Amino acid sequence: MSMKISVIIPVYNKEKYIKKCLESLINQTLTEIEIICINDGSTDDSLRIIEEYSKQDSRIKVFSQENKGPGHARNQGLKYSKGEYIAFIDADDWIEIDSLELLYDNAKKYDSELVFFNAIEHLPNNQLNKRTYFPEDIEGVFNYKNKKDIVMNNFLIVCTKLHEFSFLKENDIQFSDSELFEDVFFHIKSTINAEKITYVNKYFYNYRRTEKNTRQSDSIKSNKSFIFLDTINEIKLLLIEKNAYEILEDNFIKFKLTELNNLFNNVDTLYKKDFYNLIKNDFNNNPIKESSLNKLPIDKKKFYKEIIESKNYEEYAITINSGKDVKKINKIINKIKRFF
């Protein structure tokens with residue numbers, strides 16, 4: 001049987017959710033698939049569950065490794081894959097039953113290297129959030145040169161794309177072994193290199209966001225998040241190498257400031273001063289032109305200006321906290337005004 005799609009699942013302590021993930025795959029309308037589970041050193045019942053499923057369905061292949069993170073696990077999955085196309089799914093997520101068939105048909109119709117599709121985030125209290133690449137249907141192929149926003153946006157996960165395997169190998173596209181941001185560089189490198197991208201305007205991927213504290217969210221609060229500065233510099237070098245930086249400079253600057261601002265706001269107080277110093281040093285070494293700053297949203301421009309103009313972390317902290325105090329005072333004044 002020819003293998004149309006290899007689905008790669010990194011599995012780490014997902015005993016509560018892995019059954020739903022696997023059920024969504026073994027019942028796909030496209031049957032010519034293989035399901036590659038990389039047990040990433042799980043200490044719960046995950047390994048037993050996936051091994052039981054593999055006994056019932058020969059398409060499920062199970063491999064184990066010491067805990068090295070999802071990036072390393074996905075790279076191992078790529079080594080074992082035999083499909084024309086590669087799909088990634090996280091062990092606590094699931095996909096709609098006809099997803100792989102419709103994505104494969106689209107890929108073959110247009111000879112696509114990447115096929116984008118949409119996702120639904122499942123939040124606490126049964127709240128849903130739709131993550132949509134493009135609101136309209138797009139017929140035919142495109143690439144980053146005519147749709148610049150696909151490269152650096154707020155939806156960088158690899159799970160909402162079908163990847164042609166030969167394309168990944170030819171362009172040496174692999175994941176970082178880093179515990180954080182392992183799929184950011186993968187996404188950007190694939191979208192920069194792909195000449196033929198297509199889009200299926202359907203919500204195939206179900207992204208579970210009900211766990212408040214995860215390994216990744218805990219890591220982002222720690223000094224492990226500092227590695228993003230290395231990631232962003234790698235991205236810039238890639239864009240320059242591919243002659244894409246000039247086209248994407250404004251997108252890159254907005255992406256960089258947005259992500260650094262979010263990370264700085266979320267990092268634990270213990271690490272804020274060290275992170276501030278790293279960010280300030282980066283900003284000093286990579287100054288942003290005023291013409292580029294003026295194209296940014298006000299809050300991102302403000303973040304850059306306040307860091308670059310402050311002498312040290314203590315001065316910066318006073319600046320941002322005084323801004324918060326002004327907002328509080330304005331709220332109190334507005335409440336008082338309602339009574340007069």
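What you are looking at is a predicted structure, and each value in this text was computed from that prediction instead of being measured. The basis for the numbers below is simple: all heavy atoms, side chains too, and nothing from hydrogens, waters or symmetry mates.
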message = Is the terminal nitrogen or CZ of Lys147 (NZ for Lys, CZ for Arg) located under 6.0 angstrom from the six-membered ring centre of Phe116 and within 45° of that ring's axis?
response = no
Distance flag, aromatic centroids of Phe117 and Tyr199, threshold under 6.0 Å
no
*In terms of heavy-atom contacts, does NZ of Lys254 have more than 12 from other residues, nucleotides or ligands at under 6.0 Å?*
no
Correct closest heavy-atom pair for Ile197 and Ala194 would be CG1-CB, 3.7 Å
Determine, step by step, whether Glu182 and Ser176 satisfy the side chain to side chain donor-acceptor pair (under 3.5 Å) criterion, reporting the C-alpha distance in whole Å, the side-chain angles of both residues, the deciding distance to 0.1 Å, and the verdict. CA-CA 5 Å; Glu182 78 286 344; Ser176 162; over 6 Å; no
In this structure, CG of Asn284 is separated from CD1 of Ile279 (nearest 0.5 Å) by 12.0 Å
Scanning both residues in full, the closest heavy-atom pair of Thr132 with Asn118 reads CA-OD1, 3.5 Å
>> If you define the side chain from C-beta out and look only at heavy atoms, does anything of Phe142 sit under 4.5 Å from Phe134?
In response: yes
TODO: Evaluate the side chain to side chain contact (heavy atoms under 4.5 Å, CB included) criterion for residues Leu128 and Glu121: first the C-alpha distance (whole Å), next the side-chain angles of each, then the deciding distance (0.1 Å), finally the verdict.
DONE: CA-CA 6 Å; Leu128 301 177; Glu121 290 181 316; over 6 Å; no
Item to check | Centroid separation Tyr271 to Tyr276 less than 6.0 Å | outcome: no
>> Do the side chains of Glu84 and Lys108 get close enough for a salt bridge, i.e. N-O under 4.0 angstrom?
In response: yes
*Quick check: does any side chain N or O of Ser46 sit under 3.5 Å from a backbone N or O of Glu15, one acting as donor and the other as acceptor?*
yes
(request) Take Asn206 and Asp93 through the test side chain to side chain donor-acceptor pair (under 3.5 Å) and record every step on the way to the result. (result) CA-CA 6 Å; Asn206 292 282; Asp93 300 336; over 6 Å; no
Note to self: For Lys302, is there an ion pair with Asp299 - N to carboxylate O distance below 4.0 angstrom?
What the structure shows: no
> In terms of the angle between their ring planes, are Tyr304 and Phe283 parallel, tilted or perpendicular, with boundaries placed at 30° and 60°?
Replying inline: tilted
**Q.** Trace of the side chain to side chain donor-acceptor pair (under 3.5 Å) decision for Thr160 with Tyr133
**A.** CA-CA 10 Å; Thr160 55; Tyr133 277 107; 2.8 Å; yes
Open item on the list: If we count only N and O atoms by modelled type, under 3.5 Å, do the side chains of Glu309 and Tyr316 hold a donor and an acceptor together?
Closed with: no
Exercise for the section: Return yes if some donor-acceptor pair links the side-chain N/O of Asp57 with the main-chain N/O of Arg59 below 3.5 Å, else return no. Expected result: yes
Looking only at heavy atoms, the pair that brings Lys4 and Leu30 closest together is CD-CD1, 3.8 Å
- Query: Does the Thr319 side chain pair with the main chain of Glu315, one donor and one acceptor, at a distance under 3.5 Å?
  - Reply: yes
d(Ser190 OG, Leu168 CG) to nearest 0.5 Å is 7.0 Å
Note to self: Is it true that, when you exclude Lys280 itself, more than 12 heavy atoms of the residues, nucleotides or ligands shown sit nearer than 6.0 Å to its NZ?
What the structure shows: yes
Q) How about Cys37 and Ile35: do any of their side-chain heavy atoms sit closer than 4.5 Å? A) yes
**OP:** Would you mind reporting whether Glu101 and Gln28 have side-chain heavy atoms less than 4.5 Å apart?
**Re:** no
* Donor-acceptor pair, Ser81 side chain versus Gly83 backbone, under 3.5 Å? -> no
Q: Taking the side chain as every heavy atom from C-beta outward, state whether Ile86 and Leu162 have any atom pair closer than 4.5 Å.
A: no
*Between Lys161 (side chain) and Ile157 (backbone), is there a donor-acceptor pair under 3.5 Å?*
yes
Rounding to 0.5 Å, atoms CD1 (Ile95) and CD1 (Ile97) come to a distance of 8.0 Å
Quiz item: Within a reach of under 6.0 Å around CD of Glu136, are more than 12 heavy atoms found that belong to other residues, nucleotides or ligands?
Solution: yes
Inset, instruction - Could you check if a side-chain atom of Tyr80 sits within less than 4.5 angstrom of a side-chain atom of Lys61, using non-hydrogen atoms only? - result: no
One should read off an interatomic distance between Asp282 CG and Asn277 CG, to the nearest 0.5 angstrom, of 12.5 Å
Note: Thr29 and Asp98 closest approach over all heavy atoms is OG1-CA, 3.5 Å
For this session: Find out whether Asn266 and Leu263 are in side-chain contact, i.e. whether some heavy atom of one side chain is under 4.5 Å from a heavy atom of the other.
Result: no
Checking His163 against Phe186 for the ring-ring contact (aromatic ring centres under 6.0 Å, His included) test, could you report, in this order, the C-alpha distance in whole Å, the side-chain angles of both residues, the deciding distance, and whether it holds? CA-CA 11 Å; His163 307 76; Phe186 187 102; 5.5 Å; yes
Applying side chain to side chain contact (heavy atoms under 4.5 Å, CB included) to Leu103 and Val200, what does each step give before you reach the verdict?
CA-CA 7 Å; Leu103 290 169; Val200 178; 4.0 Å; yes
With side chain to side chain contact (heavy atoms under 4.5 Å, CB included) as the test, would you mind laying out the steps for Ile235 and Val184 before giving the verdict?
CA-CA 9 Å; Ile235 291 168; Val184 172; 3.9 Å; yes
The reported gap from CD1 in Ile138 to OG1 in Thr198 (rounded to nearest 0.5 angstrom) is 9.5 Å
| Side chains of Leu260 and Leu229: does their closest heavy-atom pair fall under 4.5 Å? | yes
Per salt bridge (charged side-chain N to carboxylate O under 4.0 Å, His left out), Asp92 is matched among Lys14, Arg208, Lys19 by Lys14
In short, Asn294 meets Lys301 closest at the heavy-atom pair OD1-NZ, 2.8 Å
Exercise for review: Show the numbers, then the answer: is there a ring-ring contact (aromatic ring centres under 6.0 Å, His included) between Phe88 and Phe175?
Suggested key: CA-CA 12 Å; Phe88 298 101; Phe175 291 91; 5.2 Å; yes
Separation between CD (Glu164) and CG (Asp111), nearest 0.5 Å, reads 6.0 Å
Exercise. Would you call Arg48 and Glu51 a salt bridge, using N to O less than 4.0 angstrom?
Worked result: no
Hey, would you say the Tyr85 and Phe165 ring centroids sit under 6.0 Å apart? no
Q. Yes or no on side chain to side chain contact (heavy atoms under 4.5 Å, CB included) for Phe228 and Glu259, after CA distance, side-chain angles and deciding distance?
A. CA-CA 9 Å; Phe228 184 75; Glu259 297 303 318; 3.4 Å; yes
Practice problem: Using a strict 4.0 Å threshold on nitrogen-to-oxygen distance, state whether Lys109 and Glu139 make a salt bridge. | Solution: yes
- prompt: With distance as the sole test, does Asn312 use its side chain to make a donor-acceptor pair with the main-chain N or O of Glu314 at under 3.5 Å?
  reply: yes
- Can you tell me if Lys196 and Asn143 form a side-chain donor-acceptor pair at under 3.5 Å? no
Could you tell me whether the side chain of Asn265 and the main chain of Asn261 form a donor-acceptor pair under 3.5 Å?
yes
Closest heavy-atom pair, Ala107 versus Val115, reported as atoms and distance to 0.1 Å, is CB-CG2, 3.8 Å
Could you tell me whether the side chain of Asn13 and the main chain of Thr43 form a donor-acceptor pair under 3.5 Å? yes
Ignoring hydrogens and angles, tell me if any N or O in the side chain of Asp40 forms a donor-acceptor pair with the backbone of Gly69 under 3.5 Å.
yes
Sequence neighbours excluded, the answer for side chain to side chain contact (heavy atoms under 4.5 Å, CB included) partners of Ile247 is Tyr144, Lys148
